[in-house]
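One structure is given here, and the rest of the page talks about it.
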Amino acid sequence: MKMRMRIIAIFLCGLFILPLFSSARIDEGMQLERSGTSVFSEVDAYIAREMKRQRLPGLALGIVQGDRILYLKGYGQADSSGRPITAETPFGLGSIGKSITATAVLQLAETGKIDLDAPIQRYIPNKYKGVEFITVRQLLNQTSGFTQISTFSNTLSSANDQDQDALEKNAMSYAEKFLKQTNQTEHSYRYSNANYVLLGYIVQQVSGQSYGDYVKEHIFSPLSMHNSFVTLDEATVHGLAKPYRRILGYNVAYEGPYIFIPGDAPAGYLYTSAEDMCHYLIAQINGGRFKDVSVLSAKGIQLMQTEPVSGTYAMGWMTDHINGLPVIGQPGGSIGFQAQTYIVPEQQLGVIVFANVLDAIDAAWPKTHVITTTHIASGVINLLNEQPIGGSGLSISQKYLLVNGFIFMLSAWLLYTTARTAMRCLGPWSPDNSGHTEISIKVISKIVLNFAGLFIIMLLSMTQVVPVWHIATIFQPDVILWLKWMTVLMALKGSMEVIRLVRLIRF
C-alpha cells in the first residue's frame, strides 16, 4: 500500500513539476515577447530615427530566436517610384555571402568530397607551386597569406566579365597572383576576397555544378530561400531594391557596372531578402536545421562559427561583443548595398539588417568594417536586451557637413590664391627687387607643386598603379571628382606661374 502511495505521489509531482520545466523553457524562448508588441514598437521607432539620421532610402529587418521568426519588416522605399521595401525584397548580401560559400564547402567535406586539411592542389590545377602549401581550411579561415588590397585590380578588371566562366577566370587570376610561393609558411589572419573566390571555384570543381547552381540546389532550396538569387538579372526580375550612392550627402541611384561581379560571387555578390536570411540564421542557430531539413551537421555549424584563434576569423563569421554580450556576425557591403547580421549564441537570437545605400562615408574610420547597418543591428540587439542603444556616431548629415565644409573652405582658398596669381602674373608687371636666381627658384618650385597634383591624378586615373583609387572613385565619386577639379585649377595656377617666370627672365 505504501509503495502504491509513493508511486501515485511521484506521478502527481511529475505532473506538477514537468509543466514548470516546460514553462521555464518556453519563457526562455519567449523572453523577447513578454512585453507584447512594446519592444517591437521601440525597434520601429529606433529604425525610423536612424533612417532619418542616416538618410537611408530603404531598410529591411529580420529577427529570429530559436527556430522561429520573431519579427520581419520592411521600411522606406525600394526605388524612386515609391515601391515599398518588404521582407521579401532582395538586397545585395555583400561579404555575408562568404558564410554561404563556407556552408557549401563544409557540405562537400561532410560527404567526403573535400578534405579541409588537404593542399588545394587536389582541387586546383597544380601548375601553381603555392597550391602545395595552402589547405582548404586556410582559405576558409583566411590564413593563406593573401591580402585584400591586392584583390582590387581583379574586382575592377572582372566587373564587365559576365561570361559563365567568369568565376573560373577570376580564380585562376588570383592563383596566378598569390600561389607563387614555393615553401611552407605559417600565416596569420588576413582578410581577402581571393580566399573565398578560390573556395567557390573548388565547389565547382568538386561538385560538377556551377557555383551558383550548387548554392541554389543545396542551400537556397532546402532553406526555402525563394527570394535569393545568384545573378543580378534574377534578382532584378524579382524586385531587387535599387542601389544608391551619396553625392554630397544626397542619395543618387547607381546604374554602373559594379552592382554585380560574377567572378567575385562567392566572396560577396549574392542577393537575398530579410525573410530568407531569417531562414538561414535559424539553420545557423539550430545546428544546421530549418524545419525538417538539415543543410549541415551540428558539428559543421560549430566549426563554421569557431575561430581558430580568438579575434581572428572563423568560416564566414567573426566574433564580437555588444554591451559585453558575445556575438558572432559579419558585415556586408557592395556598391549601393550594405548589410549586417549578428547571432547571439547564448540567447539563440539572430538579427539581419539590410539597406540600399552605401558609400565610403558610411564606414567608421579607421574601422572600415563598421558601417551604418552595423550600428543599427547593434542597437536592435541592445533594445531587445533592455540595454542602452549606445552611440551610433555622427549622422550622415553631420559627416557631410564636415566633408562639404572642408571642400568649400579649401575650394575658396584655392580660388582666392588662383585669382591673386592671375592678377600678379597677367596684370601690370612690377618685378621683385630680389635677385633673379632667388625669385626663379621660388617660382619654379611653385610651378612644380602646382602641376604635381594633375600629374598624380592622371597617373592614378589612367593606370591601375593604385587600384584603391579606382575603388574610391566608385564608392565616393563626389570627393574624387572634386579632387580632379582642384588639380585642374592648380595646374591653371601653375600655368600662370610659368608666364610669370618667362616675364621675369625676359626682364
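The analysis underlying the following values was restricted to heavy atoms, covering all of them including side chains, and did not include hydrogens, waters or symmetry mates. Index from 1, following the sequence.
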Please list, chain by chain and in numerical order, all residues satisfying salt bridge (Lys or Arg N to Asp or Glu O under 4.0 Å) with Asp233, sequence neighbours excluded.
-> none
What closest approach, in Å, do Leu349 and Ile285 show between heavy atoms, and which atom pair accounts for it?
-> C-CD1, 3.8 Å
Take Ile100 and Leu93 through the test side-chain contact (heavy atoms from CB on, under 4.5 Å) and record every step on the way to the result.
-> CA-CA 10 Å; Ile100 291 175; Leu93 189 57; 3.7 Å; yes
Can you name the salt bridge (Lys or Arg N to Asp or Glu O under 4.0 Å) partners of Asp359, sequence neighbours left out?
-> Arg246
Side-chain touch Thr417/Leu414, heavy atoms, less than 4.5 angstrom = yes
How would you list, by chain and number, every residue that makes a side chain to side chain contact (heavy atoms under 4.5 Å, CB included) with Glu176, sequence neighbours excluded?
-> Tyr128, Lys180
Parallel, tilted or perpendicular, as decided by the 30° and 60° cut-offs, for the rings of Phe406 and Trp482 | perpendicular
Side chain to side chain donor-acceptor pair (under 3.5 Å) between Glu168 and Asn170, intermediate numbers included = CA-CA 5 Å; Glu168 180 179 358; Asn170 201 28; over 6 Å; no
Going by atom type alone, with no hydrogens or angles, which donor-acceptor pairs under 3.5 Å involve a side-chain atom of residues 323-338 and a protein atom two or more places apart or on another chain?
| unit_1 | atom_1 | unit_2 | atom_2 | d |
| --- | --- | --- | --- | --- |
| Asn323 | ND2 | Asn382 | OD1 | 3.0 |
| Asn323 | ND2 | Pro388 | O | 3.4 |
| Gln338 | OE1 | Thr372 | N | 3.3 |
| Gln338 | OE1 | Thr373 | N | 3.1 |
| Gln338 | OE1 | Thr373 | OG1 | 3.2 |
| Gln338 | NE2 | Val357 | O | 2.7 |
| Gln338 | NE2 | Asp362 | OD1 | 3.3 |

First locate atom CD1 of Ile322, then atom CD of Gln387, and finally report the distance between them rounded to the nearest 0.5 Å.
-> 11.5 Å
Not counting sequence neighbours, which residues clear side chain to side chain contact (heavy atoms under 4.5 Å, CB included) with Lys484? List them please.
-> Ile457, Ser461, Trp469, Ile480
Is it true that a side-chain atom of Thr89 and a backbone atom of Ile85 form a donor plus acceptor pair closer than 3.5 Å?
-> no
If only atom types and distance count, is the side chain of Ser378 paired as donor or acceptor with the main-chain N or O of Thr374 below 3.5 Å?
-> yes
Test side-chain contact (heavy atoms from CB on, under 4.5 Å) applied to Ile376 and Gln340, step by step = CA-CA 8 Å; Ile376 293 174; Gln340 176 70 50; over 6 Å; no
Looking at residues at least two apart in the chain, or sitting in another chain, which of them share a side chain to side chain contact (heavy atoms under 4.5 Å, CB included) with Val468?
-> Phe152, Val466
Please, which pairs that meet ring-ring contact (aromatic ring centres under 6.0 Å, His included) have at least one residue in residues 71-102, sequence neighbours excluded?
-> Phe40-Tyr71, Phe91-Phe354
Are Thr143 and Tyr313 close enough that a side-chain donor and a side-chain acceptor fall under 3.5 Å?
-> no
What heavy-atom pair brings Gly494 and Phe451 nearest, and what distance separates the two atoms?
-> C-CE1, 3.5 Å
Nearest heavy-atom neighbours spanning Pro266 and Thr101 = O-OG1, 2.7 Å
Which residues satisfy the side-chain hydrogen bond (donor to acceptor under 3.5 Å, both in side chains) test with Tyr191, sequence neighbours excluded?
-> Ser95, Lys98
Passes side-chain contact (heavy atoms from CB on, under 4.5 Å), Tyr416 versus Thr421? Steps please.
-> CA-CA 9 Å; Tyr416 170 72; Thr421 300; over 6 Å; no
Side-chain donor-acceptor pair under 3.5 Å between Gln65 and Gln347, yes or no?
-> no
Do the side chains of Ile219 and Leu223 get nearer than 4.5 Å, heavy atoms only?
-> yes
Tightest non-hydrogen contact, residues Ala104 and Tyr214, listed as CB-CE2, 3.5 Å
Would a 4.5 Å heavy-atom cut-off, applied to side chains only, mark Lys177 and Thr151 as touching?
-> no
Val105 vs Ile202 side-chain heavy atoms within contact, under 4.5 Å | no
Have a look at Leu61 and tell me which of Ile352, Val351, Leu72 forms a side chain to side chain contact (heavy atoms under 4.5 Å, CB included) with it.
-> Val351
Looking only at heavy atoms, the pair that brings Met304 and Ala102 closest together is CE-CB, 4.1 Å
Sub-3.5 Å donor-acceptor pair from the side chain of Asp276 to the main-chain atoms of Thr272, do we have one?
-> no
For Ser192, does its backbone N or O pair with a side-chain atom of Gln142 as donor and acceptor, under 3.5 Å?
-> yes
Are any of the side-chain heavy atoms of Leu140 and Tyr196 separated by less than 4.5 Å?
-> yes
Would a 4.5 Å heavy-atom cut-off, applied to side chains only, mark Leu240 and Asn356 as touching?
-> no
Can you name the residues that form a side-chain hydrogen bond (donor to acceptor under 3.5 Å, both in side chains) with Glu307, not counting sequence neighbours?
-> Thr319
Indicate yes or no: does Lys73 engage Glu275 in a salt bridge with an N to O separation below 4.0 Å.
-> no
Taking only residues two or more places apart in sequence, or in another chain, which ones meet Pro477 in a side chain to side chain contact (heavy atoms under 4.5 Å, CB included)?
-> Arg245, Ile247
Spell out, as yes or no, whether a donor-acceptor pair under 3.5 Å connects the side chain of Asp79 to the backbone of Ser81.
-> yes
Taking all heavy atoms of Gly350 and all of Leu281, pick out the closest pair and write down the distance.
-> C-CD1, 4.2 Å
Other residues, nucleotides, ligands: >12 heavy atoms within 6.0 Å of Arg83 CZ | yes
Residues forming a side-chain hydrogen bond (donor to acceptor under 3.5 Å, both in side chains) with Tyr244, sequence neighbours excluded = none
Would you call the rings of Phe260 and Tyr269 parallel, tilted or perpendicular, where under 30° means parallel and over 60° means perpendicular?
-> perpendicular
Kindly say whether Ile396 contributes a backbone atom to a donor-acceptor pair with the side chain of Gln54 at under 3.5 angstrom?
-> yes
List in chain and number order the residues that pass ring-ring contact (aromatic ring centres under 6.0 Å, His included) with His226, two or more places apart in sequence or in another chain; answer none if no residue qualifies.
-> none
Any chance you could lay out the side-chain contact (heavy atoms from CB on, under 4.5 Å) test for Val380 and Tyr46, step after step, and finish with the verdict?
-> CA-CA 8 Å; Val380 169; Tyr46 169 64; 4.2 Å; yes
Are the side chains of Ile259 and Pro243 in touch, meaning some heavy atoms are under 4.5 Å apart?
-> yes
Will you find, in the side chains of Arg55 and Ser397, an N or O donor that is under 3.5 Å from an N or O acceptor?
-> yes
Distance-only, no hydrogens or angles: does the Gln77 side chain make a donor-acceptor pair with backbone N or O of Pro84 under 3.5 Å?
-> no
Can you check whether Glu50's main-chain N or O pairs, donor with acceptor, with His375's side chain at less than 3.5 Å?
-> no
d(Tyr201 OH, Lys169 NZ) to nearest 0.5 Å is 13.0 Å
Do Met486 and Ser411 have side-chain heavy atoms sitting under 4.5 Å apart?
-> yes
